[in-house]
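I have placed the structure first, in the form of structure tokens, so that the comments after it can refer back to it.
Values below: every heavy atom of this structure, side chains too, minus hydrogens, waters and symmetry copies.
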Amino acid sequence: MTALARDTIASAFRAAVDVAAADLGWPAEARAVAIEVEHPADPGHGDYASAVALRLAKPLRRPPLAIAEAIRDRFPASETVASVEVAKPGFVNVRLADAWVARQVDTIAAAGEGYGRSTRLEGQRIQVEYISANPTGPMHVANARGGPIGDVLSNVLAFMGARVTREYYVNDTGSQVDQLGVSVALRYRELFGEKVEIPADAYPAEYVIDIATRIRELEGDRYVGMALEDQAKAFAPKALDIIVNEWHKGTARKLGIDYDVWYRESELVGSEYFRATIDELRARGALEERDGAVWLRSRELGEDIDSVVIRSNGVPTYFGVDLVYHRQCLVERGFDRKIDVWGANTYGHSLRMRAAMKAFGLLDRWEVVIYQYVRFLHEGEILGMSKRRGQFILLDDVIDRVGRDVARWFFLQSSPDRMLDFDLELAVTQSSENPAYYVQYAHARIASIFGTAAERGLSEDGADVALLTAPAEADLVKALLRFPEVLDDVLARRASHLLAAYALDLAGRFHSYYRDHRVVGDDPALSRARLRLVRAVQVTLRQVLGLLGISAPDHM
RNA sequence: GGCCCCGUAGCUCAGUGGAUAGAGCAGCAGCCUUCGAAGCUGUUGGUCGCGAGUUCGAGUCUCGCCGGGGUCGCCA
């Protein structure tokens, strides 16, 4: 549990504004104003700054500089802050006290695996659902992106004290599964010498042959001679088992993802719970019958069009099952919150789901993080990806080529809002220069420094951090202090890429420091202090890499 | 056509109203007899797609346009 320096400064601003308002008779707007504290781009402007005086200028009808001075004069004295200055046109700039900053080195080093952790989400049960790729084929690069994004979001939520369930929703019903069964049956026949033609709506890809081969290995020729329809019915669940239990689970593990629950959609279809939930929606007046089908009255709930929940043939749609699943998670299964990490191709579905959650009165406990597509480039050309046509890059192959750490970094480095281009050739050739290695190298270097120290009989025991007086040392500590602030932003914005950006920044600062400041040197006291500082950097790098799900090696 | 995302250095991208717009890669010039050169230092490179507006202040917010991607199914 670590107090954020940013919060400490913001509270001080709040206090100063309130006192000034009381002293000078400022109107109510002064107390209502939001205090925002930021890191100035220019270090000459201090460590933290607020533009609150500029914001108050208009409502108070006073010059911003005068307001800033009034705040400065009432800024509470503390051991944290060294100076408070006013800068035109009305900024209030705060500089942290060097001694306080140096002391944080001890705090961070001692916190270890507790550094940055918080209990603010304690007691909350949150389900994060991610990847949930169609179980009709192997996982490919396009639907991989949600994996690291959802996983890191889960890590951060758990780091903040929430009880997190990582869930994978398996769409194991519907016409796609029937098609898979037929496709496998045809390939099975082919394996026994029959000449078959693959219809346009079946899956022609190579992996279907792999599945048929697998079934032949396991069960031999016992399905030969059966009608195609019966073969398809028998093979569909077997194919799903192979794809989900052997392939998808294997790929998830390779990516470093450990799911708590693999939920099967088929558990819901045809269940009493499904019917009861539909009845509840009907009782709420959210459904209507039209053309023999059952519709959710989405338009009444603010969407553009209504959506079919149960088809005229009595079979629920994908949406119909998914909305029941969502309700089950938030009501029967007791999650306080459900976060879906979905690809851009589910945008339409997310709008329908929003209407459904509104109808249930659960909208405020559900959210969706939508990430944009990953486009795949091969030799500079954009490739279309289609599971049906068998055109896609297997995620397993990518991980095998570049490694888990680089693969995760690639998906985590940029905002989910931005479309990614994945060029395998480029990814492989550049992997030795990958930013992930840049960060890991900083960690390995630190391990090496401790190795050298041990050889020379030096340790951090008895370190006096007051000896850390170099400006570069204070800057490094301030970078460490930003870690909890970054977590705060990641949580507020569901933006895991900020963590990757922070890791890069911190590693860069450390590499710079390393060049100019010898840690294990001639002065034992100074060496001990610097070892403690390096320990604090190590602690922070481990926390960040751990949350990103990227290894923190001692050797590379 | 409606809705969602994006357009920032040659390339890949940070930057959710603040002060002089940043990093990595690529390019150029340097730095290893001392803790790991997968590193560091310096340097080249920008009409932040275009145009208006709001604001003390706009890469960031609003509107329009241009360009790219997604979505709008009794598919999943």
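Comparing B:G10 with B:U47, their P atoms are spaced 8 Å from each other, to the whole Å. Comparing the same atom, C1', in B:A76 and in B:U60 gives a spacing of 37 Å after rounding to whole Å. The gap from the P atom of B:U16 to that of B:G51 amounts to 24 Å, rounded to the nearest Å. B:G45 and B:A21 have their C1' atoms separated by 14 Å, given to the nearest Å. Between B:U20 and B:U33, the two P atoms lie 43 Å apart (nearest whole Å).
Between A:W262 and A:H248, the ring centre distance reaches or exceeds 6.0 Å.
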* Working for side chain to side chain donor-acceptor pair (under 3.5 Å), residues A:Y513 and A:E473 -> CA-CA 8 Å; A:Y513 173 77; A:E473 286 166 340; 2.7 Å; yes

* Run the numbers on A:Q176 and A:N171 for side chain to side chain donor-acceptor pair (under 3.5 Å), then give the verdict. => CA-CA 9 Å; A:Q176 51 167 3; A:N171 309 139; 4.9 Å; no

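At the heavy-atom level, A:S298 lies nowhere under 4.0 Å from the strands shown. Contact annotation for A:N345: backbone-only contact, meaning every heavy-atom pair under 4.0 Å involves sugar-phosphate atoms and none involves a base. Residue contacts shown for A:A447 are absent, as no nucleic acid heavy atom lies under 4.0 Å away. A:A495 comes within 4.0 angstrom of no nucleic acid atom, judged by non-hydrogen atoms across all strands. Across all strands, A:H497 comes closer than 4.0 Å only to sugar-phosphate atoms, never to a base (heavy-atom distances). Residue-level contact check: A:Y438 touches the backbone only, with heavy atoms under 4.0 Å from sugar-phosphate atoms and none from bases. Residue-level contact check: A:I310 touches neither bases nor backbone, having no heavy atom under 4.0 Å from any strand. Among the protein residues, A:H39 comes within range of no part of the nucleic acid, since none of its heavy atoms lies under 4.0 Å from any strand. Counting non-hydrogen atoms under 4.0 angstrom, A:L54 reaches a base of the nucleic acid. Heavy atoms of A:R352 sit under 4.0 angstrom from at least one base atom. Residue-level contact check: A:H45 touches the bases, meaning some heavy atom is under 4.0 Å from a base atom. A:D322 comes within 4.0 angstrom of nothing in the nucleic acid, heavy atoms only. Counting any heavy atom pair closer than 4.0 Å across all strands shown, A:A501 reaches sugar-phosphate atoms only and no base atom.
At least one donor-acceptor pair closer than 3.5 Å links the side chain of A:T317 to the backbone N or O of A:V309. Panel note: side chain A:Y168, backbone A:A133; a donor-acceptor pair is recorded below 3.5 Å. Checking side-chain atoms of A:D172 against main-chain N and O of A:E265 turns up a donor-acceptor pair under 3.5 Å. A distance-only check finds no donor-acceptor pair linking the side chain of A:D554 to the backbone of A:A447 [under 3.5 Å]. Put simply, the side chain of A:S312 never gets that close to the backbone of A:A293: no donor and acceptor are under 3.5 Å apart.
Comparing B:G17, B:A38, B:U20 by their closest approach to the side chain of A:R55 singles out B:G17. Checked against B:G18, B:U41, B:A38, the side chain of A:S512 finds its nearest nucleotide in B:U41. In this structure, the nucleotide among B:G24, B:C35, B:C74 sitting nearest to the side chain of A:A293 is B:C74. Between B:A14, B:A76, B:A19, one nucleotide has an atom nearer to the side chain of A:L498 than all others, and that is B:A14. Taking every side-chain heavy atom of A:D291 into account, B:C74 is the closest of B:C56, B:G73, B:C74. Taking every side-chain heavy atom of A:S312 into account, B:C74 is the closest of B:G69, B:A19, B:C74. For A:A51, taking side-chain heavy atoms from C-beta onward, the closest of the listed nucleotides B:G15, B:A76, B:G18 is B:G18.
With hydrogens and angles ignored, no donor-acceptor pair closer than 3.5 Å exists between the side chain of A:D172 and the base of B:A76. Not a single donor-acceptor pair, N or O on each side, falls under 3.5 Å between the base of B:C75 and the side chain of A:S175.
The side chain of A:R493 contributes an N or O atom lying less than 4.0 Å from OP1 or OP2 of B:G15.
Taking for each of A:A453 and A:D42 the nucleotide of RNA chain B with the nearest heavy atom, the 5'-most of the two is the partner of A:D42. Looking at which nucleotide of RNA chain B each of A:D306 and A:G451 is closest to, the 5′-most match is held by A:G451.
Pairs of Watson-Crick or G-U wobble type, with distances under 3.5 Å, assemble into runs of 3 or more in RNA chain B at these ranges: B:1-7 with B:66-72, B:10-13 with B:22-25, B:27-31 with B:39-43, B:49-53 with B:61-65.
The environment of A:D522 atom CG is sparse: at most 12 non-hydrogen atoms of other residues, nucleotides or ligands sit within 6.0 angstrom. Enclosure of atom CZ in A:R494 by more than 12 non-hydrogen atoms of other residues, nucleotides or ligands within 6.0 angstrom is indicated.
Centre separation under 5.5 Å together with a plane angle under 30° holds for the ring of A:Y514 and the six-membered base ring of B:C35, marking them as stacked.
Cation-pi contact between A:R445 and A:F510: absent, since separation from the ring centre below 6.0 Å together with deviation from the ring axis within 45° is not met. Relative to the six-membered ring of A:Y373, A:R145 misses at least one condition, a distance below 6.0 Å or an angle of at most 45° to the axis.
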Any N/O pairs under 3.5 Å between the protein and nucleotides 2-6 of chain B? List them or say none.
{"residue": "B:C3", "atom": "O2'", "partner": "A:Y347", "partner atom": "OH", "Å": "2.3"}
{"residue": "B:C4", "atom": "O4'", "partner": "A:Y347", "partner atom": "OH", "Å": "2.9"}
{"residue": "B:C5", "atom": "O2'", "partner": "A:D417", "partner atom": "O", "Å": "2.1"}

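Nucleotide B:C32 carries a syn base; the chi torsion (O4'-C1'-N9-C4 or O4'-C1'-N1-C2) is within 90° of 0.
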